[in-house]
**Q** 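Sharing a structure below in structure tokens format, with a few things to ask.
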Amino acid sequence: MEIVYDALVVLHLLGMAGIVSGVVARSVAPAGPAPAITMYSAGAQVLTGVALVGIASAGLVAAELDNTKVAVKLGIAVIVLVLAHILWRRPESGKGVFYGLAGFTLANVVIAVFW
């Protein structure tokens, strides 16, 4: 099960990289595939995160869980997913939605590293 868990960690990190690259691409060129990249990457983040927590909480790997951290990160990840969906459906959305998406993404990374 360690191999599956490690593969999910890689996919989770690739999802984060996809969100960051979508944010950077959107800031450089507002028109293009950036909203779709960001939305699909945010979806991958939520799905792989839930799978990682499920495997860890079932005791199938030697990983400790902090349920408060998981709840905070899941809440932020869902906010990022909703904001990415708004930008995907309405590319002309205001800069506030875009900056919110970038800020919540940065907050989730900071929480993952320092908490």
Side-chain angles (χ1 to χ4, degrees):
M1 191 52 81
E2 291 285 335
I3 293 172
V4 173
Y5 186 82
D6 291 341
L8 284 171
V9 169
V10 169
L11 290 174
H12 194 67
L13 292 174
L14 287 174
M16 186 261 312
I19 294 172
V20 171
S21 67
V23 167
V24 170
R26 168 84 185 215
S27 66
V28 173
I37 292 169
T38 306
M39 188 190 67
Y40 294 131
S41 297
Q45 279 281 145
V46 171
L47 289 176
T48 56
V50 168
L52 286 168
V53 170
I55 289 173
S57 65
L60 300 175
V61 292
E64 292 186 29
L65 285 178
D66 181 356
N67 289 326
T68 306
K69 178 181 176 181
V70 168
V72 169
K73 285 186 58 58
L74 178 62
I76 292 173
V78 169
I79 291 170
V80 167
L81 180 60
V82 168
L83 292 175
H85 187 75
I86 290 170
L87 284 175
W88 178 64
R89 297 287 293 192
R90 296 189 177 97
E92 70 280 351
S93 295
K95 289 191 180 230
V97 175
F98 172 72
Y99 290 135
L101 172 72
F104 280 115
T105 300
L106 179 63
N108 223 0
V109 171
V110 169
I111 290 170
V113 172
F114 291 112
W115 186 346

**Q** Working to the nearest 0.5 angstrom, can you tell me the gap between Leu11 CG and Ser41 OG?
**A**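 Between atom CG of Leu11 and atom OG of Ser41 there are 11.5 Å.
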**Q** For the CD1 atom of Ile76 and the CG atom of Leu83, what is their distance to the nearest 0.5 Å?
**A**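 Going from the CD1 atom of Ile76 to the CG atom of Leu83 covers 11.5 Å.
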**Q** Check Ala34 against Gly22 and note the closest heavy-atom contact, atom names and distance.
**A** CB-O, 3.5 Å
**Q** Which value, rounded to the nearest 0.5 Å, describes the distance between Thr48 atom OG1 and Ile55 atom CD1?
**A** 10.5 Å
**Q** Answer yes if Met16 and Leu81 sit in the same cluster of Ile, Leu, Val, Met, Phe, Trp and Tyr residues linked by side chain heavy atoms under 4.5 Å apart, and no otherwise.
**A** no
**Q** Quick one: which residue pairs count as a side chain to side chain donor-acceptor pair (under 3.5 Å) with a foot in residues 92-104, not counting sequence neighbours?
**A** none
**Q** Would you mind listing every side chain to side chain donor-acceptor pair (under 3.5 Å) that reaches into residues 14-29, with sequence neighbours excluded?
**A**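 Not a single pair qualifies under side chain to side chain donor-acceptor pair (under 3.5 Å).
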**Q** I'd like to know if Val82 and Ile79 are part of one continuous hydrophobic network [Ile/Leu/Val/Met/Phe/Trp/Tyr, side-chain heavy atoms within less than 4.5 Å].
**A**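 Linked within one cluster.
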**Q** With a cut-off of 3.5 Å and sequence neighbours excluded, list every side-chain donor-acceptor pair involving residues 104-115.
**A**
unit_1, atom_1, unit_2, atom_2, d
Thr105, OG1, Leu101, O, 2.8
Asn108, OD1, Lys73, NZ, 3.1
Trp115, NE1, Asp66, OD2, 3.4

**Q** Quick test of your reading: applying ring-ring contact (aromatic ring centres under 6.0 Å, His included), list the pairs with at least one residue in residues 3-61, sequence neighbours left out, ordered by first then second residue.
**A**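 Qualifying pairs, neighbours excluded: none.
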**Q** Pairs under 3.5 angstrom only: tabulate donor-acceptor contacts from the side chains of residues 84-91 to other protein residues two or more places apart or in another chain.
**A**
none

**Q** Do Leu60 and Val4 share a hydrophobic cluster (ILVMFWY, side-chain heavy atoms under 4.5 Å, transitive)?
**A**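 Per the 4.5 Å side-chain linkage, Leu60 and Val4 are co-clustered.
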**Q** Identify the two heavy atoms, one from Val61 and one from Met1, that lie closest to each other, and give their separation to 0.1 Å.
**A**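 Nearest heavy atoms, Val61 then Met1: CG1-O, 4.1 Å.
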**Q** In the hydrophobic clustering that connects Ile, Leu, Val, Met, Phe, Trp and Tyr at side-chain heavy-atom distances below 4.5 Å, which members other than Val70 occupy its cluster, ordered by chain and number?
**A**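 Its cluster mates, by chain and number, are Val53, Leu65.
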**Q** Give the cluster check for Leu47 versus Val80: same hydrophobic cluster or not, with ILVMFWY residues linked at side-chain heavy-atom distances below 4.5 Å.
**A** no
**Q** For residues Val46 and Leu8: do they belong to one hydrophobic cluster (side chain heavy atoms under 4.5 Å, members Ile, Leu, Val, Met, Phe, Trp, Tyr)?
**A**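 Different clusters.
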